[in-house]
Amino acid sequence: MKEQLSAIIQQALDQLVEAGTLPADHAASYTIERTRDPAHGDLASNVALVLAKVARRKPRELAEQIRDALPDSSVVSQVEIAGPGFLNFFLSDDSSQAVVRRVLEEGKRFGCSSQGQGRRVQVEFVSANPTGPLHVGHGRGAAVGDSLCRLLAATGWNVHSEFYYNDAGAQITNLALSVQARCRGLGPEDPAWPQDGYRGEYIREVASAYLAGETIDAEDRHVTGQGDSEDLEAIREFAVAYLRREQDLDLKAFGVHFDEYFLESALYESGEVEATVERLVAGGHTYEEDGALWLRTTAFGDDKDRVMRKSEGGYTYFLPDVAYHLNKWQRGFERVINEQGADHHSTVTRVRAGLQALEAGIPEGWPDYVLHQMVTVMRDGAEVKLSKRAGSYVALRDLIDEVGRDATRYFLVARAPTSQLTFDIDLALSQSNDNPVYYIQYAHARGCSMLRKLAEQGEEWQTTQGLESLDRLQEEHERALLKRLDQYPEVVASAAQACEPHSVANYLRELAGEFHTWYNAHKVLVEDRPLRDARLALSEAVRQVIANGLELLGVSAPDSM
RNA sequence: GGGGGUAUAGCUCAGCUGGAUAGAGCAACGGCCUUCUAAGCCGUGGGUCGAGGGUUCGAGUCCUUCUACCCCCGCCA
């Protein structure tokens with residue numbers, strides 16, 4: 001719709017250039033946007049305001065000339081000049097009603113586009129090390145990251161989702177020692193408990209499964225417990241598999257899938273870590289100091305240089321991070337998005353600096369990052385700080401078990417990633433109008449319910465007649481819905497482009513609200529057949545868009561509630 | 001001390017990359033079910049957009065200074 005209007009305006013501008021009103025080299029960076037107030041029409045443009053200066057005319061005067069130069073169009077029924085010089089466009093009934101036909105024709109694909117043109121994008125998120133169940137922070141990452149993948153896929157990108165983890169570092173040794181201590185019957189209170197050991201109850205479960213010789217089938221590995229408390233290596237392997245499976249179950253309960261699990265240890269085994277060091281050294285970007293090998297990241301915008309190889313010989317996490325991203329680049333992902341907690345913010349500059357130092361032709365701002373802020377969980381007005389099993393944090397699974405997948409996903413994805421999030425368990429649990437998840441789902445169920453009701457009466461919705469009678473949709477509430485539906489593809493496109501899934505949630509809240517308002521103000525199943533069929537067509541279009549939008553958020557769209 | 005984020009109604013948050021009278025939900029108050037699902041709808045009240053300066057036709061939005069809160073600043077990940 002915007003494109004059609006833009007083309008019309010462009011024609012008018014061309015004509016004004018020809019007439020000498022506008023200079024030929026005017027930079028037309030005007031906007032066309034949807035109006036909030038119906039009195040301002042359906043779409044408005046600031047073109048006259050922006051071009052007033054170069055035209056050396058008053059904005060309103062220029063607006064009039066643009067209006068007079070507009071070609072006749074079946075799309076626009078009326079153009080008004082308002083305020084300081086806005087052009088307000090009123091769409092013709094035909095063009096505003098056409099969206100219903102389009103939604104019903106395109107179905108699940110309505111809202112999809114080909115922006116991405118099949119280009120490959122890799123999205124890395126969650127990336128929790130296998131040292132415990134996922135916590136709510138991971139949950140936010142999972143909700144945002146997964147929704148982002150769905151948005152990118154819907155806008156024509158070839159998406160590859162990835163979970164990166166370390167199965168061999170110091171944290172994992174720590175994990176193995178903790179499990180071993182449990183195998184020996186020790187608890188966190190014992191003096192012999194490993195320093196910085198993992199204290200959660202789940203460690204006890206890992207230990208008893210290991211001792212019982214259970215076999216663990218995780219997404220990416222399968223291990224059987226050896227039962228030998230002295231074999232730390234066997235314990236390590238078993239514990240990693242156990243917690244990977246644990247996280248798989250968390251993710252499954254959350255409805256999140258990954259195309260690939262990438263191991264940090266694989267980068268060592270393949271020699272990529274070593275090759276990365278050599279390349280950085282050869283490039284002359286390193287130096288030795290205090291027995292350690294440093295990378296001069298300050299040459300690429302970092303505020304201090306970073307250690308790559310510790311004086312004791314091991315590498316810091318920074319180096320495999322760089323090697324991993326080089327690997328992503330070499331796999332041909334021209335676009336990479338890393339979704340992480342904002343507490344990892346400091347790695348952004350560092351990784352980018354390391355990649356620049358490689359001199360591998362990687363663009364400066366590559367890769368993209370989406371950083372989400374902290375999540376706090378509230379219950380009864382007080383902050384919940386820990387779960388029994390996990391020990392020191394709130395487990396994602398606890399939340400899913402308590403409030404359900406839909407509510408958990410919705411609340412974690414519905415806020416801008418940059419804002420700190422307060423997860424109110426009481427609100428998520430409430431089955432009332434307090435709860436936006438149910439509010440949206442209810443609108444969907446209502447749409448389904450009307451068709452069921454009609455069927456109960458032994459009648460059915462005449463789709464064709466409905467589409468032929470769209471001109472019967474003249475109520476103010478119906479116009480508002482038509483306009484809102486027409487906006488959906490733009491919402492999806494901009495949410496994908498800006499990596500902001502939460503705007504889909506906001507849109508759905510508004511669409512559902514307008515649907516409920518309409519539903520209460522006007523009866524759909526009226527005697528007047530053409531009107532009934534037209535209204536059902538509108539209702540179906542709304543239902544379809546809600547279903548499509550919820551799908552992007554990973555939230556279900558129930559037929560009845 | 002340095003870097004990043006945030007600051008909008010009593011509370012939780014939107015605000016479409018600078019537009020017209022700043023919005024929604026909750027909470028408060030008052031209405032609507034013999035009629036398609038009341039998990040809904042309608043109405044009322046509620047604001048110095050943290051503070052000061054600047055940029056311009058026009059600023060919640062951009063720049064700058066300051067204040068408050070959160071995160072990071074390790075040869076941990």
Side-chain angles (χ1 to χ4, degrees), chain A residues 31 33-37 39-40 44 46 49-50 52-53 58-59 82-86 88 127-129 131 165-166 169-171 196 264 290-294 302-304 306-318 320-321 341-349 371 373-374 376 378 414-422 424 427 430-439 441-443 445-446 448-454 456-457 487 490-491 494-495 497-498 500 502-503 505-507 509-510 512-513 515-526 532 535-536 539 560-561:
Chain A
T31 61
E33 46 190 42
R34 286 169 192 284
T35 59
R36 217 176 44 240
D37 186 347
H40 296 150
N46 63 352
L49 293 164
V50 174
K53 193 168 265 179
K58 289 177 184 169
F86 287 102
N88 290 338
S127 292
N129 283 340
T131 56
Y165 72 96
N166 179 3
Q171 289 186 46
D196 302 322
E264 181 179 335
D290 302 332
L293 184 65
W294 297 69
D302 202 357
D303 55 0
K304 56 188 277 196
R306 307 291 169 176
V307 170
M308 297 195 304
R309 192 174 59 222
K310 300 181 252 184
S311 50
E312 44 94 336
Y315 295 116
T316 60
Y317 66 91
F318 161 55
D321 266 5
D343 53 338
H344 289 254
H345 181 267
S346 58
T347 65
V348 175
T349 328
L371 303 176
Q373 294 291 325
M374 304 286 103
T376 52
M378 303 288 286
R415 298 273 125 88
T418 49
S419 78
Q420 291 171 46
L421 190 151
T422 305
D424 185 338
L427 177 62
S430 75
Q431 299 209 342
S432 72
N433 51 1
D434 310 5
N435 193 329
V437 190
Y438 290 105
Y439 185 85
Q441 290 181 321
Y442 185 47
R446 264 188 160 166
C448 298
S449 165
M450 284 188 285
L451 290 178
R452 273 197 303 273
K453 181 78 181 179
L454 193 64
E456 279 168 25
Q457 295 168 359
Q487 185 190 0
E490 292 161 24
V491 170
S494 82
Q497 194 259 327
E500 291 178 341
H502 73 281
S503 54
N506 290 329
Y507 170 85
R509 184 71 179 71
E510 281 166 25
F515 179 77
H516 286 309
T517 295
W518 172 64
Y519 178 92
N520 276 277
H522 307 286
K523 192 164 165 120
V524 173
L525 303 180
V526 290
R532 180 221 276 172
R535 284 185 172 165
L536 280 170
S539 165
S560 65
M561 294 175 73

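Computation of the quantities below employed the complete heavy-atom set of this structure, encompassing side-chain atoms and omitting hydrogens, waters and symmetry-equivalent molecules. Chain A is the first sequence line, chain B the second, and so forth, proteins listed ahead of strands; every chain is numbered from 1.
Across all strands shown, S311(A) has heavy atoms under 4.0 Å from base atoms, whether or not it also approaches the sugar-phosphate. Residue contacts shown for Y507(A) are absent, as no nucleic acid heavy atom lies under 4.0 Å away. Base contact: D290(A) has a heavy atom under 4.0 Å from a base atom. When heavy atoms are screened at a 4.0 angstrom cut-off, A292(A) is found touching base atoms of the nucleic acid. Among the atoms of the strands shown, only primed sugar atoms or phosphate atoms (P, OP1, OP2) are found under 4.0 Å from some heavy atom of A416(A). Using a 4.0 Å heavy-atom criterion, one finds that K304(A) contacts the sugar-phosphate atoms exclusively. Heavy atoms of S503(A) sit nowhere under 4.0 angstrom from any nucleic acid atom. R452(A) comes within 4.0 angstrom of a nucleotide base, judged by non-hydrogen atoms across all strands. Here T517(A) lies in heavy-atom contact (under 4.0 Å) with sugar-phosphate atoms only. When heavy atoms are screened at a 4.0 angstrom cut-off, D196(A) is found touching no nucleic acid atom at all.
Among the nucleotides A20(B), A14(B), U12(B), the one closest to the side chain of T422(A) is U12(B). Nearest nucleotide to the Q171(A) side chain, out of C36(B), G40(B), A77(B): A77(B). Taking every side-chain heavy atom of T316(A) into account, A77(B) is the closest of A77(B), U17(B), A20(B). Between U6(B), G25(B), C41(B), one nucleotide has an atom nearer to the side chain of R509(A) than all others, and that is G25(B). Closest to the side chain of Q373(A), from the set G19(B), C75(B), G5(B), is G5(B). Among the nucleotides U21(B), C76(B), G4(B), the one closest to the side chain of Y317(A) is C76(B). Among A20(B), A77(B), G5(B), the nucleotide with an atom closest to any side-chain atom of T418(A) is G5(B). Picking from A77(B), G23(B), G40(B) the nucleotide with the shortest atom distance to the side chain of R36(A) gives G23(B). The side chain of Q420(A) has C70(B) as its nearest neighbour among C13(B), C70(B), A39(B). Minimum atom distance to the side chain of A44(A) is reached by A20(B), of the listed C76(B), G19(B), A20(B).
By the criterion of a centre-to-centre distance under 5.5 Å and near-parallel planes under 30°, the ring of H40(A) forms a stack with the base of A20(B). For F86(A) and A20(B), the ring-to-base geometry satisfies the stacking test (centroid distance below 5.5 Å, interplanar angle below 30°).
Rounded to whole angstrom, the span from the OH atom of Y519(A) across to the P atom of U35(B) amounts to 11 Å. Taking atom CG of residue D321(A) and atom P of nucleotide C76(B), one finds them 14 Å apart after rounding to whole Å. Spacing between atom CG of N520(A) and atom P of C32(B) amounts to 14 Å, rounded to whole angstrom units. A straight line from NE2 of H344(A) to P of A77(B) spans 11 Å, rounded to a whole angstrom. Between N46(A) atom CG and U56(B) atom C1' the separation is 14 Å, expressed in whole Å.
Nearest-nucleotide positions on RNA chain B for V524(A) and E312(A) put V524(A) closer to the 5' end. Map R309(A) and N88(A) each onto its nearest nucleotide of RNA chain B; the residue landing nearer the 5' end is N88(A).
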Query raised in the report: Once Watson-Crick and G-U wobble pairs under 3.5 Å are found, how is RNA chain B written in dot-bracket notation, 5' to 3', with | for any base paired to another strand?
Result: (((((((..((((.....[...)))).(((((.......))))).....(((((..]....))))))))))))....

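Both the sub-6.0 Å distance and the 45° axial angle are satisfied by R446(A) relative to the ring of Y519(A).
The side-chain heavy atoms of T316(A) and K310(A), taken from C-beta on, include a pair separated by under 4.5 Å.
Comparing the C1' positions of G10(B) and C57(B) gives a spacing of 37 Å, expressed to the nearest Å.
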